[in-house]
Amino acid sequence: MSFFTNQLKVWFSQSHRPLPWKGEKDAYLIWLSEIILQQTRVEQGLPYFERFRERFPTVHDLANAPEDTIMKTWEGLGYYSRARNLHAAAKYIVHTLKGKFPSTYEGIRALKGVGPYTAAAIASFAYELPYAVVDGNVFRVLSRFWGIQTPIDSTEGKKQFANLADRALQASSLAPSQHNQAMMDFGAIHCKPKAPLCSHCPLNGQCAAFQNKKVDQLPVKSKKIKKKNRYFHYLVVNAGPQVMLRKRTEKDIWRNLYEFPVLEWPEAKASEQEIRRSAPWEACIGDRPARIEQISPPQQQTLTHQKIQAVFWEIHLEDEPPSISELAPYILADRKNLSNFAFPKIIDWYLGDNSLYLKLV
DNA sequence: AAGTCGGGGGA
DNA sequence: TCCCCAGACTT
């Protein structure tokens, strides 16, 4: 264990990557960065971190903001439950904890959206508490160096790697924050998933995977994911300067984001008749005279567990639109205000590609 | 224990 | 295409 920690320390002293939250001691900002970086590459999350820090400098700013504003700031980053949980936790900190960020592992772990990894990261970075982080990088480094083939996504594996990570932290002469940073930086920069830099690795002398030529086989993951196909037919209902929208409130993808009235259909192909007879058409248009035109081709978006194909139908009402009250849960939004709504990527693609922001009827 | 939740980047 | 990314929550 001491060979591992000592070599890691040497490597870290000359190779760590500079990031804006390194050395940060404001627990709020550390928490913010860790939530943003869950399952997200540093390069992808960085601009979001800067944006959030600017718009919400303190936990009070975040707690007091409308959720739609937070969702809009999060737009495009994915895994939107992180944003919802971030808001809920901010309100909890302000209203229940009187604005004081929790300073124990258990207290931090109790925040919505904070699991074992994030709690350990905040506890060590903000308070130098001795909790070892175990993220994707750490799984990889540990499984390779010790040649552990237990699947990292199994209950047994999580326990085993957590124990190993704790022992490494105990053995390290670095402070908890520095040791944790070193483990993750080493995994990200040197012990990479593909094409790791084994030939000049300071750990290769005792790395089980390297000695046995099994670097490319570790770590082991057991679960496989199946993707479902889904077909969305979006009704882009234009009523003068306004367009119809809805908020996705159901328990499904993109919860609390906005989209056009949608018909989910068994296939990407649908006739104009089928669109005109659909439930969203009935709710948004009814018997009113309307022109309809399909935008081609269908747009694709791949999520973790499903592949979405979206067809956009542009619809123009000849007369007055339905009143707001009979339209609920749909809403009418001015086109010039569309930039205030948070949309899934596929809707954003349509808005950008078709310049709906700029179209003036 | 298994399923669900985004989006982007690299090979 | 497939895999992975400073994972967590729900069922």
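Here the structure is a predicted model, which is why all the values come from computation and not from measurement. All heavy atoms count here, side chains included; hydrogens, waters and symmetry mates do not. Order of the sequence lines sets the chain letters (A, B, ...), proteins ahead of strands, with each chain counted from 1.
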With a non-hydrogen cut-off below 4.0 angstrom, is A:I35 in contact with a base, only sugar-phosphate, or nothing? nothing

Could you check which nucleotide pairs with B:dG9 in any of the strands shown, counting Watson-Crick or G-U wobble with both distances under 3.5 Å? C:dC3

What's A:R17 touching, base or sugar-phosphate or nothing? Going by heavy atoms closer than 4.0 Å. base

Under 3.5 Å, is there any donor-acceptor pair linking the side chain of A:R41 to the base of C:dC4? yes

Comparing nearest nucleotides in DNA chain B, the 5'-proximal residue of the pair A:K194, A:L257 is A:L257

Looking at C:dA6, B:dG6, C:dC9, which one has an atom nearest to any side-chain atom of A:M184? C:dA6

Looking only at side-chain N and O atoms, does A:R140 offer a donor or acceptor that is under 3.5 Å from a partner on A:N137? yes

5'-most contact on DNA chain B: A:K345 or A:K228, nearest heavy atom basis? A:K228

Let me know which of A:F101, A:W21, A:F125 forms a ring-ring contact (aromatic ring centres under 6.0 Å, His included) with A:W31. A:F101

Could you check whether A:E156 gets within reach of a base, just the sugar-phosphate, or nothing at all, counting any heavy atom under 4.0 Å? nothing

Check: A:K227/A:T302 side-chain N/O donor and acceptor closer than 3.5 Å: no

Per the atom types in the model, does the base of B:dG6 pair as donor or acceptor with the side chain of A:T302 at under 3.5 Å? no

Which residue, A:F52, A:F343, A:Y48, forms the ring-ring contact (aromatic ring centres under 6.0 Å, His included) with A:W74? A:F52

